[in-house]
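Comments concern the structure below.
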Amino acid sequence: MAEESAAFGALLRELRLAASLTLEGLAEASGVSVRGIGDLERGRRAAPQRRTVAALADGLGLAEPARERLLAAARAGRSPGYSPVGVQAFPRGIDDFVGRERELVRLRELAEEAGMAEASPAGTATEPSVPAPRPPVVAAVSGPPGTGKTTLALHTARKLADRFPDGQLMVELRGMDDVPPEPLELMLGVLKALGVADRDLAKAGPQGHPGLYRQVLADRRCLLVLDNARDEAQVRPLLPGGGAGIVLVTSRRMLTGLESVHRLPLGELSAEEAAVFLTALVGEERAAADPAALAEVAERCAHLPLALRVAGNWLATRTGWSVRRLADRLAVEERRLDALTAGDLRVSAAFDLSYRQLTPTAARLFRRLALVDGPDVGAACASRLTGQQLFDAEDTLEELVEAGLLGTQGDRYRLHDLLCLFARGRLAAEESAEDAARARAEMDGWLLRTAIVAGRWYEPGHGAPPPTWQGTVDLSTAGKARAWLQAEGTNWLAALRRAAAAGEHATVVEVAESLHWFSDQWIFWGHWPEVFGTAALSAQALGDPLLEATQLNYHAWALLVCEARHHDSMARSAQALTAAEHADDAVQQAWAHFYTGWALRWLGDYTPAAEHNRRAVELFRAADDIHGTLQAMSGHGSVLVEAGRAEEAIAANLDVLSFVDSAEGRLEPHIALFTRINRHTGNGRAYALLKRWDEAVDHLRTSVGLSHDSGNTGLESRCLVDLGQVLLAAGRETEAWEAFTRCLALGAGADPSAVAQAREQLALRGG
């Protein structure tokens, strides 16, 4: 290599003398420093990159043959094996790397991008060369403690080492130390590792080290890992100004303030990747002996790489333990973090390093987020835990996100399971039980008050929040109210449970009452039987027979529609009828008959079903309850359809639709829409009984469109299955498969029985 560098230098000298140029003259003409040219001619430096050779050729005024000759000599001096210092400074690696395929692909792409840049050599230790370097390729890998950021960086560095022959360095920034090293100290370590002579370091002096650092990295194809960065201020001075290298920065923080970087946020592994990771640590035989236990261990480690490694190492060193034994040990939440310790590896210690760097306000909110029952929380709800104004709480939440202690999904914030346990431990250690209880009570009260206001959008006679309501969430439309109720569903449900346990029965009943009509918008959530069953008990405790009848009727609906428990529903309706008669309330008597008729219809007992519907219509009309009357009329149409009386059903359904049109100004819009959907569905079924396929399909497509536009996923799933079945019967198979496929794509809000039917039909097609 030295001979090849000398050959380039000799040719350069020959061409310079032939052009009658001094070193100074060529430096002025080319922009390359005097010392740089001198070192090249003496063979003291490697042959330069193409951009510098082109600058020298231009300065020499070379014609094409001589220019190509100089370029060829430079290429010969840059053979693939060249490494001026032969640096590779990485700690012992981890061979059981799993997953992160997307990130690895992206890092390979960035390495190729870096390779397209050509570093230009420096002329002296302190003089920059002229051709302007392109910006370096910098990738910032961020994520919560224990997500494997350093492991990913090391694994990537080894995979890409051959692309960066001038050196691969890892610089430990010790960002979690109380006093991390200063950038100048870190620069000096890099310069020494890359073989910069002490005399050049002394000549430049501390004030010149940053320029020298940038120039050295611009001159070489290096891979630099800046591991465990504290913040932007520590990293920014260490980023080179240009060159054909790549810099990988790892940090628990997102380093939002860094410019022109490629960001790779890391989270937990997938369930499949976590199982593979554990299997590699404990061995195939032990993993295969109890795959269910292995999955439980992975889940209780929250699929976090550090926790998985600790668990795997624990089992690897305790060969007498079964995987089940560790799974059961980790099942005890209060002891889980203590159990996730193997030697000097402690999951809680990794969390504590980040926690200690928080501001007191952020630390307090982090601790109190452990009081949130659901998997995530909105900023408005979180603000109630600390009493902060909404904007201040958002800033504090973002501090936690920046610190890697809180994840986000849309506008929701999430603590993963192990961090939640850690936060719970800090809460118990640093705050009194009374303070924690007050914070939770404030959050619960806000959740239930907001649920009442949001739910009343759907209650006849209510609608938009009153002008006196001062809320911290936007409930200005029914759609926004529904979105909030669904997003905070787990949290307000937990608050409702605690209110019931505390004997706050009036609050429980008020919440349930406000959510009565909203429940039709989110039928298959899964918790309505609990909501209305709890409210029925609270109403009974209050000793009010009308409230009791009302909540018993709601519970009858939930048991019937949400869980298909026909006989249990009828038992609740009978109790509701007794309570309503005791209260002398015609409306609740009517609802009790209506739900009884509904259950009988689903059981195929059509004659008594029709009689209960008839009685419900009479009672609703006598009470001038237009919404109840509409539902009872609609129920009568359903009885006729399912009894096979198609012509009568069509006529009854058309009467209902006419009633909706004529009473539109007096009907709640969502109730009118709900009725239209069901009556078009009923007519679709009725026309199908008559084999009038086009009319059947038209009505069912109308019901699908209306339910989709209203966002009622549960109804849409049912309508799609009805449509698919009718299309199959009509011999229009391709359209039928499309309908079943759409049903499967609806997600968690769909009717589980409809999804099962759609899946069964598609499976039959595949068979």
Side-chain angles (χ1 to χ4, degrees), residues 520 523 560-561 594 597-598 600-602 604 606-607 609-610 612-614 616-617 620 626-664 667-732 735-736 738-740 742-743 750-751 753-754 757-758 761:
D520 280 329
I523 298 173
L560 179 64
V561 176
F594 175 72
W598 194 343
L600 288 167
R601 168 166 60 87
W602 278 10
Y606 302 121
T607 299
H612 279 285
N613 261 313
R614 184 193 62 75
V617 170
F620 279 130
I626 189 171
H627 295 96
T629 300
L630 179 61
Q631 297 310 302
M633 290 173 62
S634 187
H636 179 60
S638 296
V639 170
L640 293 171
V641 171
E642 294 183 27
R645 295 157 62 179
E647 297 283 4
E648 295 174 76
I650 292 169
N653 289 329
L654 291 175
D655 283 345
V656 173
L657 291 171
S658 295
F659 183 88
V660 171
D661 291 337
S662 64
E664 188 166 358
L667 291 172
E668 290 293 324
H670 65 278
I671 298 175
L673 177 61
F674 184 80
T675 303
R676 283 193 174 98
I677 293 170
N678 282 326
R679 290 312 88 219
H680 280 293
T681 299
N683 269 353
R685 293 175 178 172
Y687 279 116
L689 290 173
L690 299 171
K691 301 190 184 318
R692 292 164 61 176
W693 304 118
D694 289 343
E695 290 159 294
V697 169
D698 285 345
H699 278 283
L700 289 169
R701 288 200 187 281
T702 298
S703 66
V704 168
L706 289 171
S707 55
H708 176 78
D709 292 344
S710 70
N712 194 322
T713 307
L715 278 181
E716 185 180 1
S717 64
R718 288 180 166 182
C719 294
L720 283 167
V721 168
D722 286 336
L723 175 62
Q725 299 284 19
V726 168
L727 287 166
L728 273 182
R732 295 158 63 172
E735 295 174 79
E738 290 174 357
F740 294 135
R742 280 181 60 188
C743 178
D751 179 352
S753 63
Q757 291 178 67
Q761 290 294 340

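The structure displayed is predicted, hence computed values, not measured ones.
The residues Asp698 and Arg692 are annotated as not salt-bridged, no charged nitrogen and carboxylate oxygen being separated by less than 4.0 angstrom.
In this structure, Val660 and Ala672 approach most closely via the heavy-atom pair CG1-CB, 3.9 Å. Contact detail for Val641 and Gly682: the closest heavy-atom pair is CG2-O, 3.6 Å. Nearest heavy-atom pair, Phe594 versus Gly635, reported as atom, atom and distance to 0.1 Å: CE1-CA, 4.3 Å. Taking both residues in full, the closest heavy atoms of Cys743 and Ala754 are given as SG-O, 3.9 Å, listed atom of the first, atom of the second, then distance. Gly637 and Ala649 get closest at one heavy-atom pair: O-CB, 4.0 Å. Between Ala632 and Val617, the shortest heavy-atom distance links the atoms CB-CG2, 3.4 Å.
Arg614 meets the side chain to side chain contact (heavy atoms under 4.5 Å, CB included) test with Glu611, Glu618; sequence neighbours excluded. Qualifying side chain to side chain donor-acceptor pair (under 3.5 Å) partners for His699, counting only residues two or more places apart in sequence or in other chains: His680.
In this model, a donor atom of one side chain and an acceptor atom of the other lie less than 3.5 Å apart for Ser638 and Arg679.
Considering only heavy atoms from C-beta on, Glu735 stays 4.5 Å or farther from Leu723 through its side chain. Side chains of Arg701 and Leu727 form a contact here, defined as non-hydrogen atoms less than 4.5 Å apart. With a 4.5 Å cut-off on side-chain heavy atoms, Val561 and Trp598 count as touching. With contacts defined as side-chain heavy-atom distances shorter than 4.5 Å, the pair Trp602/Glu642 qualifies. Using a 4.5 Å cut-off on side-chain heavy atoms (C-beta onward), Leu706 and Leu715 make no contact. Between Leu728 and Gln761 the shortest side-chain heavy-atom distance falls below 4.5 Å. Inter-residue side-chain proximity for Thr702 and Asn683 is flagged as unmet; no heavy-atom pair is nearer than 4.5 Å.
For the atom pair Leu640 CG and Asn613 CG, the distance stands at 9.0 Å (nearest 0.5 Å). The CD atom of Glu647 sits 5.0 Å away from atom CG of Leu690, with the distance rounded to the nearest 0.5 Å. Here the CG atom belonging to Asp709 is positioned 8.5 Å from the CD atom belonging to Glu716, to the nearest 0.5 angstrom. The distance from the CZ atom of Phe674 to the CD1 atom of Ile523 is 5.0 Å, given to the nearest 0.5 Å. Taking CG of Leu630 as the start and CZ of Phe620 as the end, the distance is 10.0 Å to the nearest 0.5 Å. Rounded to the nearest 0.5 Å, atoms CG (Asp520) and CG (Asn712) are 7.5 Å apart.
For NE2 of His636, the number of neighbouring non-hydrogen atoms (other residues, nucleotides, ligands) closer than 6.0 Å is 12 at most. Residue-environment remark: NE2 (His708) stays at or below the threshold of 12 foreign heavy atoms within 6.0 Å. Counting non-hydrogen atoms of neighbouring residues, nucleotides and ligands closer than 6.0 angstrom, the CZ atom of Arg732 exceeds 12 such neighbours.
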Side chain to side chain contact (heavy atoms under 4.5 Å, CB included) evaluation trace for Asn678 with Arg718: CA-CA 10 Å; Asn678 282 326; Arg718 288 180 166 182; over 6 Å; no

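A donor-acceptor pair under 3.5 Å links the side-chain atoms of Ser703 to the main chain of Leu700, judged by distance alone.
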